[in-house]
Amino acid sequence: MKKRSLIFSIFVFVTLISFGQNEENHIIRGSIIDKNTNEVLPYANIVILQKYKGTVSNEKGSFSFDLSPFSAQDTLSFQFIGYKSHKVLVNQTTPEMTVYLEEDMINLSEAFVYGNPPNPKDIIKKVVENKDKNYKYISSNNQVFIRSRDITDIENLSTNVKKLSIDQLDEDLIQNTVKKVPRHITSYTDFLGNLYFFEGKSDSLKVDPKRTVSLKEEDIAEFEQIGKIFENLFKDTGEEEYWKIKSGIFGQKLDIQEEENDSITETPISNDSSSTRYMRSSIRYWLEYSSIENTDEWEFLYSPGKYKYTLTGGTRVNGEDVFIIDFTPKSGGEYIGRVYVSTESYALIKADYEYAAGKTGRDIHLLGIGYTEDYFKASIYFEKIEDSYQLKYFSKKAGKHFSINRSLQLIKKRKRWLLNKTLKEMKLRLKMAANQEESVEVLFLNHEKISNESFAQFNQPKKMKIQYIEQFHDDLWIG
């Protein structure tokens, strides 16, 4: 009996340990793909039905989801607008999954009753006509996840020092610094926190950071050395002295006094912290894209004469009947893509678009400076909450090429009655060419309506802690 009891106890113990390990490690990873085209489906929803928990695939259609908190009989649903949902039980999942979704396109003539088929260009015009009614700024508290990435590849970088009369600098230090500049630069930051918005004002924003993770940057001693040299040079500027930067015939004074005042009033920030105000500025810049008021980003809505629209079909999104409209550029148009528009409210619910073949954004080549926006791809989705449509997610990826081949001068002068005297000067020729790719993904996890008083009472913290890491991996955001 004792022997049996011992064996049984060991069996139970091992079983519990194994079960505990399965619970802890029940993470599934995979991709969501269009069944017909084999193209990835970015920003698809992966949700546990009835539990209001889930995740979203990234721009490459990949996802990672921890199923440990859920029971074996819970239902996992893979959903994408315009596609049939795919449902499986939790106990039917595998650690690696490839999920194929089939397009769910409704023939409009069968689903809806029209005297005449609707004109897709008229539908697009009604989106703009009804935007103020459909997209309202309300006082709210929103939990968000933001991932931003910047990748710069420098093709060419060189300097030729023409003149140098700044004692603290020498040509060898300048050339060594240029050589140490990485030719491949990656910036990568994840942010989880709350955003507070105020009713009726698109530019009102307060940020409450919860967790920020950022890729550690390479420390280069020459950069720090030159930075300290210029910091000391600017501090050692008398009342009748000033610094000026010139490029060709263009020149501008540097407002050193204002920079000194800012540095005094700012609270010192440690190496593992950053200014919340800086993050707030970045978020505000990213959110400008999502505003329907942005006529440049939404050219295919505001300049319908530049596009050809095709009513492809219809579908249902969150209980609403929706038009599916494809568009391609005519003369002057830049984008190609697809929009989903409510048949009742004419709200734009979802849009996926990018530069059409051979199209670019701004293209400037003037006075030794070149700048070309050569890649753009975006996706956005609004979710109806009560009587208005609120942002659920958006992503934006933009590529650009820039170059410079100009003479630059940094000059310290003393004011005099007739002609200001040059005290110190650095003059060099700078040549540089680089490609840059910027991307941002913003996912609104939770949306809560609040009073105007609650918005006013919340005080944005001055600093936010940052966790610096050597390499990004999935385990950073398990769950």
Side-chain angles (χ1 to χ4, degrees), residues 150-185 187 217-260 262-263 360-375 398-438:
D150 295 303
I151 299 173
T152 302
D153 288 304
I154 299 176
E155 300 173 343
N156 175 45
L157 176 60
S158 63
T159 57
N160 184 7
V161 179
K162 302 288 188 180
K163 190 173 183 178
L164 186 59
S165 59
I166 299 176
D167 298 336
Q168 295 87 334
L169 292 172
D170 61 68
E171 186 170 353
D172 287 342
L173 176 59
I174 294 173
Q175 296 297 356
N176 286 335
T177 303
V178 171
K179 289 179 182 178
K180 290 290 182 70
V181 174
R183 271 31 183 186
H184 179 79
I185 305 170
S187 171
E217 297 180 358
E218 183 179 355
D219 294 327
I220 299 176
E222 285 81 358
F223 288 179
E224 294 185 7
Q225 185 179 352
I226 282 190
K228 289 179 181 178
I229 288 173
F230 281 113
E231 184 179 345
N232 292 330
L233 285 171
F234 292 154
K235 283 182 178 179
D236 188 27
T237 304
E239 288 188 10
E240 297 300 315
E241 299 171 348
Y242 64 92
W243 287 87
K244 186 175 184 179
I245 188 166
K246 287 187 66 179
S247 179
I249 62 174
F250 304 102
Q252 183 176 350
K253 283 185 179 181
L254 298 178
D255 196 345
I256 306 300
Q257 187 64 39
E258 181 179 332
E259 291 177 6
E260 288 179 356
D262 286 346
S263 64
T360 62
R362 285 174 290 184
D363 191 14
I364 303 169
H365 296 276
L366 183 67
L367 300 175
I369 295 177
Y371 177 82
T372 303
E373 297 173 343
D374 52 14
Y375 179 81
K400 58 196 71 172
H401 177 82
F402 59 89
S403 61
I404 182 171
N405 184 357
R406 288 187 64 86
S407 175
L408 298 174
Q409 288 177 270
L410 181 65
I411 311 166
K412 183 180 182 181
K413 290 195 172 189
R414 179 183 291 127
K415 297 176 184 177
R416 294 197 302 191
W417 176 71
L418 187 61
L419 185 66
N420 295 342
K421 181 181 180 180
T422 297
L423 302 177
K424 297 178 184 292
E425 182 179 7
M426 178 179 69
K427 182 178 181 180
L428 53 82
R429 188 83 182 181
L430 175 65
K431 293 183 180 180
M432 181 178 182
N435 293 302
Q436 185 178 35
E437 181 185 280
E438 300 175 332

Donor-acceptor contacts, no H, no angles, side chain residues 426-435, under 3.5 Å, sequence neighbours left out:
| unit_1 | atom_1 | unit_2 | atom_2 | d |
| --- | --- | --- | --- | --- |
| Arg429 | NE | Asn405 | OD1 | 3.1 |
| Arg429 | NH2 | Asn405 | O | 3.3 |
| Arg429 | NH2 | Asn405 | OD1 | 3.4 |
| Asn435 | OD1 | His401 | ND1 | 2.8 |
| Asn435 | ND2 | Glu155 | OE2 | 2.6 |

If only atom types and distance count, is the side chain of Ser247 paired as donor or acceptor with the main-chain N or O of Ser407 below 3.5 Å? yes
Minimum heavy-atom separation for Leu254 and Ile245, please, with both atom names. CD2-CG2, 4.1 Å
For Arg416, is the CZ atom crowded, meaning more than 12 foreign heavy atoms sit under 6.0 Å from it? yes
Residues that Lys162 engages under side-chain hydrogen bond (donor to acceptor under 3.5 Å, both in side chains), provided they are two or more places apart: none
Between the side chain of Asn176 and the main-chain N/O of Asp172, is any donor-acceptor distance below 3.5 Å? yes
d(Ser403 OG, His365 NE2) to nearest 0.5 Å is 7.0 Å
Asp363 side, atom CG; Tyr371 side, atom OH - distance, nearest 0.5 Å: 10.5 Å
Taking only residues two or more places apart in sequence or in another chain, which ones pass side-chain contact (heavy atoms from CB on, under 4.5 Å) with Ile185? Thr152, Ile154, Pro182
Nearest heavy-atom neighbours spanning Leu169 and Leu164: O-CD2, 3.7 Å
For atom CD of Glu217, is the number of surrounding heavy atoms from other residues, nucleotides or ligands below 6.0 Å larger than 12? no
What residues, two or more places apart in sequence or in another chain, satisfy side-chain contact (heavy atoms from CB on, under 4.5 Å) together with Ser165? Glu425
As an exercise, state the distance from OG1 of Thr237 to NZ of Lys412, rounded to the nearest 0.5 Å. 4.5 Å
How would you list, by chain and number, every residue that makes a side-chain contact (heavy atoms from CB on, under 4.5 Å) with Ile151, sequence neighbours excluded? Asp153, His184, Thr186, Glu437
For the pair Glu438 (side chain) and Ala398 (backbone), establish whether a donor and an acceptor sit closer than 3.5 Å, ignoring hydrogens and angles. no
Between Thr360 and Asp374, do the side chains contain a donor N or O and an acceptor N or O under 3.5 Å apart? no
So how far is it from Leu423 CG to Trp243 CH2, rounded to the nearest 0.5 Å? 8.5 Å
Partners meeting side-chain contact (heavy atoms from CB on, under 4.5 Å) with Tyr242 (sequence neighbours left out): Lys244, Lys253, Lys413, Lys415, Asn420
Run the numbers on Lys163 and Gln409 for side chain to side chain contact (heavy atoms under 4.5 Å, CB included), then give the verdict. CA-CA 9 Å; Lys163 190 173 183 178; Gln409 288 177 270; over 6 Å; no
Are Gln168 and Asn232 packed together at the side-chain level, in the sense that at least one heavy-atom pair is separated by less than 4.5 angstrom? no
Is it true that Arg414 and Glu241 make a salt bridge, defined as a side-chain N closer than 4.0 Å to a carboxylate O? yes
Atom CD1 of Ile404 and atom CG of Leu157: how far apart are they, to the nearest 0.5 Å? 10.5 Å
To the nearest 0.5 angstrom, please state how far the NZ atom of Lys180 sits from the CZ atom of Phe223. 9.0 Å
Where do Lys424 and Ile166 come nearest, in terms of heavy atoms and distance? CB-CG1, 3.8 Å
